[in-house]
Structures are given as structure tokens and as C-alpha cells.
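All of these numbers come straight from a predicted model, not from anything done at the bench. Throughout, numbering of the chain's residues begins at 1 and tracks the sequence.
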Amino acid sequence: MTFRNRLRLFAVSGLALFTVSASLPPAAASGATPEARHPSGGGLSATVRYTEYGIPHIVAKDYANLGFGTGWAQAADQVCTLADGFVTARGERSKFFGPDAAPDFSLSSAAKNLSSDLYFRGVRDSGTVEKLLKVPAPAGPSRDAKESMRGFAAGYNAWLRQNRDRITDPACRGASWVRPVTALDVAVRGFALAVLGGQGRGIDGITAAQPPTAAPPAAGVTPKEAAAAARRLLSTQNADMGSNAVAFRGSTTANGRGLLLGNPHYPWDGGRRFWQSQQTIPGELNVAGGSLLGSTTVSIGHNADVAWSHTVATGVTLNLHQLTLDPADPTVYLVDGKPERMTQRTVTVPVKDAAPVTRTQWWTRYGPVVTSLGAALPLPWTASTAYALNDPNAVNLRSADTSLGFSKARSTAGIQRALHRSQGLPWVNTIAADRSGNSFFSQSQVLPRITDELAARCSTPLGQATYPSAGLAVLDGSKQACALGSDRDAVQPGIFGPGRMPTLKNTPYVENSNDSAWLTNAERPLTGYERVFGTTATQRSIRTRGAIEDVAAMAERGRLRVTDLERQQLANRAPTGDLVAADVAKWCAALPGGTAVGSNGTAVDVSAACPVLRRWDRSVDSDSRGALLFDRFWRKAASSVPGAELWKVPFDAADPVRTPRGLNTAAPGVGKALADTVTELKAAGIALNAPLGEHQFVVRNGKRIPVGGGTESLGIWNKIEPMWNPAAGGYAEVSAGSSYIQAVGWDNSRCPVARTLLTYSQSSNPNSPHYSDQTRLFSGERWVTSRFCEKDIARSPQLKVVRVHERR
């Protein structure tokens, strides 16, 4: 019997085995009418089989029907979050939520709903995404990708028709903004994710840009100040999205096959959550993993032969062109002395309880005029100068095709072919391993083709400061010779082709923790790439250093198995603690009178902190005593003491994993940090040696769930960014951190050996049984065993099956 027929037989028999109410996911089953429980009619359809923790395994005959099942199942778990994102994509936030409220920042950096709407309405009014949908593949999306979008919208709408009156999530129950969507809405959401690091960063500056008037323009910043602001803006270490990933070659494993551990760090709430599923088209596609909400494809995952993950890359996905303006008209700029008039986009946004707002945006051959990239980097539009933002991902609607290519790959070579063919990833690296024992890393991003030679020749004074420092090029827009060139192997003009991407294959390990590609393998540093991709021979983050120490030791030890990946993920070792805690404890014990002076000038008795720091186990497990004290101390010390003063041994490019080191306890900020921490914890009623989990937790349905892991500056692989609220008991919520985690390997069977964990669970609906079930697993450091093969799905004790149809 063929695989296709076995799957069909299972789907039919599975439907006969369960009662109708059990066949539906909980969000649909509760109180469902007979009509809703038996969706019927023609059109699109899919079979959705649910296993433990509400993980759906979606089976369909083609891409439109697979998209239908995916849209239906995502809506069942996340209808409110999805609906909120579609309101953003339609430019209607001001209409429903008011112009001054803030979006959740999942689809852009817009500070207020009004600027978000002005941008996305401009995208809709100009037909930007419709035009991209018409571009033939590979420069545009394939038919399969577009069919998936069409199906997703239909599936979302079908779930909504059947369940609108039974939505239990208080975030949108009865809300008028929860409405049917179109395939274009799905595509615009994908477009928003593509430009997140480019136009999405500059939305406030794009929508606020207006020609200068008689009033003096806003003050700018010096090149030095701009360079510092650009470093902060573009730093992957300070963002709410990061990640770790490592792939091990077969030479390091117990059976000669590859291993992959993926640990993306993403927001725990809002529209950039992952959602877990398996997608199957018999004979065509069979893949499991995590998808960003609203995505039609698996973003990070595995199939029977290869597994991959992503980390947010250091490549700078935008650049600026400094325009020389016509003295007689600030909306005309000069290129080789010839005038070009800016294009106006007049956009009108409906506003709740107020008149519509109409604004004009100004566009050039390079992109939109922008007057800031965040508050710290103003770019004033004066009578003589303006700045235009170039974002090559604004013509990139190919990420779904890259993901589909990954999903169908049979090796790391197939992963590389998918990257080369579609070139659709905007802001991530790719790390992969396969059944045959290959390891793979590539920083294959859609980046503006800024070569170091071009930057040296064409940078303005501002760019001469921002490009070396932060990778942000500011080019002279008045010269045609300063336009971005093209690579022959690039799928679109103005970007780097695959041959220029930093890539490393088949070393014992490849690892990335959001630093540049340089130390992907510490024994085989990657060099020779352009500055826009990232730096070489520069200081790495503590998280990168700790990760390299860990994975290099694992590779050297060898005989690795999936269980070793599980231990690495949840070991919760704090590399910063290993570097400095003993020194701090010794210095603390030697303080005269056991006191240190706080930032307010008051002497504080810190003697009780000394033994706590000395006894701390240098981990951030829930039961670790001293972890909270060290965490609060180190945050204060690292933020207040300049890097040049913090360490006794400075960074050495010849020893990048071990330097800098040696805490300079004589730096004045160190004593202040400890005094302030002791004062802070005592004021909050928190014991200095309290177990971390008593004061680092999330609350779900009124119950505290302890959370291990720690912040970026501690260097922990299992990164967690908790939110400090001493009145609520300490770290009382998590804003971002470990999200969809997978540890994947292979044995001699056709089924991959995979363990997964979705830290914040499948649903953000507090009334769903899958609101916090995996969060409790994460708290207890337990995993979900992946049910990828048919026999494993069939054996699930919680198997529920539903066949969903598009009713007409």
C-alpha cells in the first residue's frame, strides 16, 4: 500500500473512531452547533489530526488545501492575535483602537497606530503587494506559495464563519474588528515581516516626512552621535528577536548522522509568536515545525531527512541615500545635476470618533524620504538635504518559497539550493543538519549590495561614521555612479547574489548566537565578507562566547545524541557568572565594614550578599539561590560601567572566546551596583538567597509558573527576558526569549528523532487547554516527543481528528 493510500485510509478510519465533539479542536468543540460540527459543501478542505498539547498534523491534497487547513487551525488557536495583525495590515488600527494607542510592534516599529496606518494604507493604495504577486517566479512568489495564501485566507474565514459567536478569548470576543480576510491580507502580512528590518524600522520617519517650511528644521546629530545611535538601533543583542542554533557534523555524533538544536528567541506575546504544526501533502511535502503566526509555511522545522533553524543575522537590511535638493524646490532632488521630482503618495486614514487624517508621503527612485530612524537618529529634511531609505526587501515576497524549498529538501545541499533559488530570507541566518551527517551555515539574506569599495567611494560624512561602526551606509544620492550595482547570480537587482554569502559547510559544528558569521566555528573563522554583513575580529557577546565554549566542548567529546542537545538547551549555565561571580564575592567579603555606597550616596550593608554570591551555582535554574541577586547586580554594573573600565583583560582578536575577562572591581560603578541591588531586593521583600523561580515566573490563569533561564548580559543559551515588577513579586512576566525549540537527530529508521518545546504554548486564549500546558513543561524542563511518522501519530492517546471544509 502506498504512503498516500495509507494516509487516506487513516484519515477515513480516524474520523470513524471518534465522536464528533472529540474530533474538533477545543476552541471549536465547546458549544458547537451541529451545523458547525459538520462543515460540509464544496471548495477547499483538509484533515487536521491533533496530538498532545494541541499540535495539529494537517493533511491536504495540494497547496491551496494545505493553506486552508493551516489557516483554519491557526485561527482555532490564535484568532485574536491573527485578527489584530490583519487590522494592522489593512491600515485600520486608528479606526478601531484610536490613533494614539501603540501597536504591539510585531509588524513594525511604529510608535502609534496612526503612523502604522499611514504606512500600511500607503502600501495598499499604491498596489505594492499586488504588483509583487504578479512578478514571475523566482523573482516573485511561485504558484504554490500564492495558492497557500489563498487557502490560508479561506481556512481562516471558514473557522470564523463557524465559530464567530463562540469565540472564548476575551481579547476579541464580540469585537467588530475580527473580520474575514483576503489572500491579499495574508500577503501584506508577509510583506510586513519582510520589511521589518528596513522600511518597518523607519515608519514613523517615513510618515512624518514633510518638506521644510519657513520654520527652522529639527536639529540633527553629529556623525559620532549618529554612529552610536545606529549601533544601538541595529544591534542584534538588544533586540526582542534573537536566537541560538547549532548543527553538529556526523563525525561528532554517536551514529554518524547530523544533529541540530534550534533555540529562537522571539516575543512571548503578539503577532511574532510561533505556532507549531505538521504539514503534509502526500507524495509532495511532509514537514513539522514552528511557523510565525499568519505564515502559510513552516518557518523553522524538520522533515524526514533534514532539520534547520534560523538566527537573527547582523546584516543591515537597509541603507540611506543622502539627497541634494533643488534650491528652488525641496521636493526635487538632483542626480548628476538633473532634477527629479519626488512622487507623492497621499494617504487617508479613518480614525475612531474623529475625522479622517490625510497625509502625504514622499518617494524617490531610492525609496521613501525618511526623517528619522528612531528618536536617537534624526535625519532632518532641510532646504538643501533629505534622506531616502532603500529597502531591497520591499520587493521581496519570496520567503514562503524559501521555506517550501527547505520543507522539501532532502539534505543540507537541498537547503543551500533553496536559498540560492529563491533568495527570500530578509533578516536571518540558516543553520542545518541532515541524516547523512552534514552540517551547514549560511548568512543568506536579502541585503542592499553595499560593498566596502562603494561605501569608501560614495559615503557622505554621515555614512563615513555609520558604515564602519554599524554597517549602515549613507550614500551620495546625487551621483548615478553611487547607485547599488547587481550581482549576476542575484534574483533581483541591487542585492548580493548567493556567491557573496558567508557560508560554512561540514565542520564539526556550526553555531550562531546573533553575532556575525566570523566565529561560526572558532577553528575556522569566516572572513572576506563586506561590512554590511557584519564584523570580523571584533568582540563577541557573552552569549556567543558561552555558546562556543559549550558546543566546541561537545564536539570534542563526541558520541553526541539528541539527549545531549536537550541538556545543552536547559543547562542554564550563566557564562557571566563563571567569569566574574567569584571575583565579586571575594571583593565583597573584603569591603571595609561590609558596606558599599549606593548611587544616592548612602552607605549600604552588603555583607549578607557576599556568601550568597560565593555559594551561587552559576546557573539560572528555578531552584538556583543567588541567581536573582547576581542578575540584578550585573544588569546595573554592565549598564553603568563603560566597557573599557569593566574588564582588566581587554578584548583580543587572537583569543576572542576568552576575552575580555577579569572584572575590574575597582570601577566605582561596581560598588554602586551591588549596594543598589541589595537595597532594591530588601525594599521588595525579596531574600538575597531566594530561589530564582520564586521571583521569576509567569502567571497563567491565576497560577504562578516558575521560569528558568536568564537575560542577554548573563550569556545564557536559554535566553529569557523577564519584566521586572517588584510589587508583583519580582520578574512577573516574560517579554521575549526561548520560543519554538527543537532538538533533532536521526537513527536507522525513517522517522527523525525529534524533541520540541513551544515555551509559551499553542494558544494565547486563557480559556484554551493549550494556553499554558507547554509552558508548564518548560518550567519543569520537560520536552514533547515529536510525532512525525504515521505510526506515531496513530498511537497518540489524545488523538482527535477533524475534516474541515470550505462551505459555499
Flag side-chain contact, heavy atom, 4.5 Å: [X] against [Y]:
X: Trp616; Y: Leu629; value: no
X: Leu379; Y: Leu373; value: yes
X: Arg755; Y: Glu566; value: yes
X: Phe630; Y: Thr576; value: yes
X: Thr756; Y: Ile741; value: no
X: Ser619; Y: Asp621; value: yes
X: Tyr119; Y: Leu107; value: no
X: Ile542; Y: Ser713; value: no

Do [X] and [Y] have a side chain donor and acceptor closer than 3.5 Å?
X: Thr759; Y: Ser738; result: no
X: Gln568; Y: Asp550; result: yes
X: Asp117; Y: Ser94; result: yes
X: Asn664; Y: Trp647; result: no
X: Ser469; Y: Arg231; result: yes
X: Gln78; Y: Ser764; result: yes
X: Thr595; Y: Asp605; result: no
X: Thr711; Y: Glu721; result: yes
X: Asn765; Y: Thr168; result: yes
X: Ser763; Y: Asp77; result: no
X: Asn514; Y: Thr311; result: no

* **Stepwise side-chain hydrogen bond (donor to acceptor under 3.5 Å, both in side chains) check, Thr775 with Ser761** => CA-CA 6 Å; Thr775 310; Ser761 306; 3.0 Å; yes
* Asked: Would the number of heavy atoms belonging to other residues, nucleotides or ligands and lying under 6.0 Å from NZ of Lys112 be above 12?
  -> no
Grab the two heavy atoms, one from [X] and one from [Y], that are nearest each other, plus how far apart they are.
X: Ile203; Y: Ser115; answer: CG2-O, 3.4 Å
X: Ile705; Y: Ser772; answer: CD1-CB, 4.1 Å
X: Pro706; Y: Ser779; answer: O-OG, 2.6 Å
X: Ile300; Y: Ser309; answer: CG2-OG, 3.7 Å

Taking only Lys NZ, Arg NE, NH1 and NH2, and the carboxylate oxygens of Asp or Glu, determine whether [X] and [Y] approach each other closer than 4.0 Å.
X: Arg700; Y: Glu733; value: yes
X: Glu549; Y: Arg573; value: yes
X: Arg635; Y: Asp631; value: yes
X: Arg704; Y: Glu694; value: no
X: Asp84; Y: Arg93; value: yes

Check whether [X] reaches the backbone of [Y] with its side chain - one donor and one acceptor, N or O, closer than 3.5 Å.
X: His265; Y: Asn718; result: no
X: Ser109; Y: Arg201; result: yes
X: Arg164; Y: Val178; result: yes

* Decide if the gap between the ring center of Trp177 and the ring center of Phe97 is smaller than 6.0 angstrom. => yes
* To do: Would you please indicate if the ring centroids of Phe274 and Tyr266 are separated by under 6.0 Å?
  => yes
* Run the side chain to side chain contact (heavy atoms under 4.5 Å, CB included) check on Tyr731 and Arg632 step by step: do they pass? -> CA-CA 11 Å; Tyr731 287 122; Arg632 297 304 299 167; 2.8 Å; yes
* Please name the residue in the list Tyr740, Tyr53, Trp783 that meets the side-chain contact (heavy atoms from CB on, under 4.5 Å) test with Leu757. => Trp783
